[in-house]
Amino acid sequence: MNELTKQLNLDVVEQLALESRAEVFSDIPAELLAAPVGRDLRRMFPKQAVWRHQAMSLESLISGQNTVVATGTASGKSLVFQTYSLHLLKRDPSARVLVFYPLKALASDQFARWRKLSVECGLSEDAVARIDGEVLPAERDEALAKANIVLMTPDVCQAWLMRNVGSGMVRRFLSHLSLLVLDEAHVYESVFGSNVAFLLRRLINAKKHIARGVSGNPGVQIVAATATIADPAEHLERLTGQPFKAIEDSVSGAPHHRRVLVHVAGADYGAAGEAALTDLLRGVLALPQRKRFIAFIDSRQGTERVVRSLESEHVLPYRSGYEADDRAKIERALRDGSLHGVVSTSALELGIDIPDMEIGVNLGVPDTRKAFRQRIGRVGRATEGMFLLIAGQNAFRQFGQTFEDYLNDSVEPSYLYTGNRFIQFANARCLWDEMEVMKQDRAPLLSSTSWPEGFEAILSHARPGSARPREFDFIAQLGSDNPHLNYPLRQIGEANFEIKLGRNDQSRRVGNIAANQALREAYPGANYLHLGQSYKVHQWVASSFERSIRVDYSKSHVPTKAILRKTVNMALDHLSVIDSRIRRNEKGLIAEANLQVNESVEGYRIGSTTFLYRDLRAENPNMSRKQRDIRTTGAVIMIDEPWFAGSTLNGAANRDAFGRALVGVLARERSISPQDIDYAATNIALMTDNGPKRVSNCIVIYDAVYGGIRLTEDLFDRFDDYLEQILKAAELAGGDAIVSTDLATVLLSWSQHLEDGDAFETELLSSPDGWYQVYRPGSIVSTYHNGQLVARELVSPKLLDVLGDGNKTLFYSYKLGGKQAVIPHDQVHVAGEEWSYVLWNPETNEYRELELEVADENAEQGQARWIRVYRPGTGIEVSWYDKKVAREIIEPRVVRGRMGSDDTIEYAYIENGGYGYIPHANVQPTGPDWSLVLWNPDTNEFRELDS
């Protein structure tokens, strides 16, 4: 392996080794050898012995306990539940086994193994069946009727089995269900795991109800297999509501080959990271001796771009969103060896079992140690393996760790959000449908199953025809009259789109994508990569009958980048602060609060040219902004200090760096998926009695999950601990730290003076600059009229003293017939895509656009000397006497702060033969031909954001 490192010419930062381990055997339990399956076991294991942890697991199952096998990768966990399944079937041929695999690829890979083993043990091929989304309904019924062992993803159980729980075929299957197998159970966490937790309870409830009164009908025993996780028994108990015994890695008898882990210095994000990964893989492909590889990159479009750059027919991408035939083609090529390598997202993290994979590569540090260990486990199964991790020199130190610390630390706990009211509501809607077709009463349902806290109250709200709080309106509408199909397990509250090729009713489906991903990848005008083919996105269709994104073939792929806008609305009153969780000092506060977050795509960039939808839409109505609006929870940190507040460069940069560091540390500490947490340091509005005012002394760390799951709760509880970890990271990483040592020190000092307090009236807070965040004039919104929501077009915002007490409140005028009416800001309801926010100054009646950001733009991370500025040549509007005139930016310059204040940026432009200057915060670009670049004020160099 050292020679391989030299051949690839790697810049090695640190190299570690997982040494080989010898195997340890134990006797197969005597009860199994004496049972009908004993004859098969003697044939399969002539020495009548298996690895120690396998024997212990089988003993636990024979004793009737729910058992979780929590040992390392390639330790033979499958043998445990396969052997026990065959034992049950040989003893009782009417028994049924349901096996859950979290990914179709894994179920497909294991299906052949199950069948082979079953046939060898005297069962027919039909005794094992696989049901997934591509199996026709008629074939599913036949499989349930004939098969003793059914392999299934939880997704198809949700969308089909539980939706048909009243049918005779499903009822018969469930009545004989004896064993439930949960493979790769560590995957069941976060949003997906939380929904699976409810699905399992609903499944067990249905089994109990169908089998009630049938003498001798046993309950469902559960066996789970998982990678090494913290407290596996506790996780499975929270996942299923049932008690468990854990067989952990400390007693594992499985051997493993030596694996070398190498931290390779290199860019680990964006275009530079993809180039680094591409170069390394080219080196692997060029090795004189063929070595198969699997590479991981946590970007769906990134997998496509890397494979496209390799230009090798022997390397394919793999990610979610592919059709079944496409996935099967890649999986076959992996198994038969025709593929040299694959570039994948986490979709292959659990992995098809490919013994001859010798090299693994990961771009960047995986978000969790669980994921890292799973990815390591993809290589070195049949021989010695190497796993290369491409990351910056101080990738681990910036989070207060070393590579060795990261490898050896205990894996993170697995978090479930079963208390989330929106996840509960979606599952309650499904449960009501199931209860109806099974003719089940509510009382025994609640008493016979261990439901998470708060579920009983939500169940009442979700009952069809019952009154419900307005906050559930959107998610109820998503579920409509078919909740099992409309509430996918992996994204409750998130709309899903089909990707269709063609512009008419005969269009062909090529894939699928969730709304939050579509905003960043498949927005109108985007060039979208799918299985190496480039497509041009020309239309979104969102109606009661169809949610699709229409694409056409693109002859050549020109990369596009989404221009995103993110806004946060919040309040800090008694209703908005959660459980009075607020701490304050004279210079700020930290609070846990309810929030409203809006994400929108405002246009896209091709190279340095910007295309904004507000300009494109006039000629093509399909080129319109798209957005998603989520109500959530988060931690609000407000610091009224010059080094943090305001729109100066230092204040804005410090807020952004602090937000980014907190998200990184929190995600790693609490094993939070990067898709589930985010932050905002700009475009934040504080709700006051007068209306929403912009604040620029604040950051918000929030759950990017509809409804909020209080992922940031620990940030509030252990705020000082997180700051100390950020300080440690700054000291270790030096100049590469996300937050500088000086900033981390002053933040920790500021936090020492925080004290518990109460939420306070919002009018006590002042807006730093007097700008309000309002709905843009011309926005199409909804207002209530005679109890019904009706569409209105807003004309303009205005502050009105309604009560005559001198306290002005934000209202909007709107068109009503040939006249105008007014409505308070808090009575405006938004839906659809025809609305957006804008900044408004009531003193001058000026409007200003909110800040934009380029999707996935991380170029300036760790490059403090580079400043993002408007490109020279950008057209702008400036005030000239009493009117606005067009000017062009000549160059940026730094204005040094006085009396300890921060430096600022302003721009020079030609004015009457001389120069005029305008501050960065006041720039209003005009037309589509403006963009941002990176500028080094010390050398006056300019650099593209991509570089």
Side-chain angles (χ1 to χ4, degrees), residues 495 515-526 537 540 560-570 595-606 609-617 623-632 634 647 652 655-656 659-660 663 678-686 692-696 698-702 704 706 771-781 794 797 828 830-840 847-858 860 868 870 874 920-928 930-932 945:
N516 58 333
Q517 295 166 333
L519 287 179
R520 292 160 171 78
E521 299 177 19
Y523 42 88
V537 177
W540 281 33
T560 59
K561 284 196 174 183
I563 297 174
L564 301 175
R565 174 178 287 154
K566 179 166 53 186
T567 62
V568 177
N569 285 293
M570 65 177 186
L595 310 166
Q596 182 174 348
V597 180
N598 177 270
E599 291 182 337
S600 62
V601 55
E602 303 288 331
Y604 56 93
R605 277 203 305 122
I606 299 177
T609 305
T610 300
F611 301 88
L612 296 178
Y613 295 136
R614 63 177 182 237
D615 303 316
L616 300 175
R617 187 175 179 182
M623 293 293 107
S624 60
R625 65 191 296 275
K626 306 299 174 185
Q627 61 189 322
R628 64 191 287 260
D629 203 47
I630 61 172
R631 294 185 182 276
T632 185
S647 55
R655 290 197 305 276
D656 184 77
R660 188 151 38 93
V663 165
D678 205 348
Y679 76 99
T682 59
N683 295 338
I684 301 171
L686 177 68
K693 294 184 178 180
R694 185 180 77 160
V695 289
S696 54
C698 177
I699 64 170
V700 177
I701 315 296
Y702 65 89
Y706 192 88
W771 289 83
Y772 285 71
Q773 187 168 291
V774 300
Y775 296 115
R776 184 187 302 275
S779 290
I780 306 299
V781 300
L794 298 182
V828 172
V830 294
E833 310 290 347
E834 305 300 312
W835 65 274
S836 60
Y837 291 118
V838 69
L839 294 175
W840 173 61
Y847 293 92
R848 181 183 297 173
E849 296 294 333
L850 279 72
E851 294 188 30
L852 300 173
E853 59 184 70
V854 178
D856 301 320
E857 186 54 74
N858 299 308
E860 63 271 42
R868 187 157 49 181
Y870 290 103
T874 294
H920 176 87
N922 293 346
V923 170
Q924 297 183 40
T926 60
W930 68 272
S931 58
L932 300 172
L945 286 170

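The structure displayed is predicted, hence computed values, not measured ones. Nothing fancy with the numbering, it's 1 onward along the sequence.
W540 CH2 to K626 NZ: the interatomic distance, rounded to the nearest 0.5 Å, is 7.0 Å. To the nearest 0.5 Å, atom CG of residue L932 and atom OH of residue Y870 are 6.0 Å apart. Rounded to the nearest 0.5 Å, atoms CG (D629) and OG1 (T567) are 7.5 Å apart. In this structure, CD on Q627 lies 12.5 Å from CG on L564, to the nearest 0.5 angstrom. If you take CZ on R776 and CD on E849, they are separated by 4.0 Å, rounding to the nearest 0.5 Å. Separating the OG1 atom in T560 from the CD atom in E521 is a distance of 10.5 Å, to the nearest 0.5 Å.
Residues L794 and W835 form no side-chain contact, since every pair of their non-hydrogen atoms from C-beta on lies 4.5 Å or further apart. Side-chain atoms of C698 and M570, non-hydrogen and from C-beta on, do get closer than 4.5 Å to each other. Y847 has its side chain out of reach of Q924: every pair of non-hydrogen atoms, C-beta onward, lies at least 4.5 Å apart. Side-chain contact between Y523 and I563: absent, with no pair of heavy atoms (C-beta onward) separated by less than 4.5 Å. Taking 4.5 Å as the limit, some side-chain heavy atom of L616 sits within range of a side-chain heavy atom of Y604.
Side-chain N/O atoms of Y837 and S600 include no donor and acceptor closer than 3.5 Å. Defined by atom type and a distance below 3.5 Å, a donor-acceptor pair is missing between the side-chain atoms of R565 and N598. There is no side-chain donor-acceptor pair under 3.5 Å between Q773 and N683.
Of all heavy-atom pairs spanning Y613 and P524, the tightest one is OH-O, 2.6 Å. Here the closest non-hydrogen pair linking A685 and P692 is CB-CB, 4.1 Å. The shortest non-hydrogen separation linking L850 to V838 is CD1-CA, 3.4 Å. The minimum heavy-atom distance between V601 and A562, with the atom names listed, is CG2-CB, 3.9 Å. For the residue pair V537 and A522, the shortest heavy atom distance occurs at CG1-O, 3.6 Å. Annotation for H920 and R868: closest pair CE1-O, 4.1 Å, computed over non-hydrogen atoms.
Remark: the backbone N or O of T610 is not paired with any side-chain donor or acceptor of S931 at under 3.5 angstrom. The backbone N or O of A681 sits less than 3.5 Å from a side-chain atom of R655, completing a donor-acceptor pair. Using a distance-only test at 3.5 Å, with no hydrogens or angles considered, no donor-acceptor pair links the side chain of Y775 to the main chain of V830.
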*Please report the C-alpha distance between Y679 and I699 in whole Å, then the side-chain angles of each, then the deciding distance to 0.1 Å, and finally whether the side chain to side chain contact (heavy atoms under 4.5 Å, CB included) criterion is met.*
CA-CA 7 Å; Y679 76 99; I699 64 170; 5.7 Å; no
*asked:* Run E599 and K566 through salt bridge (charged side-chain N to carboxylate O under 4.0 Å, His left out) and show every step you take.
replied: CA-CA 5 Å; E599 291 182 337; K566 179 166 53 186; 5.2 Å; no
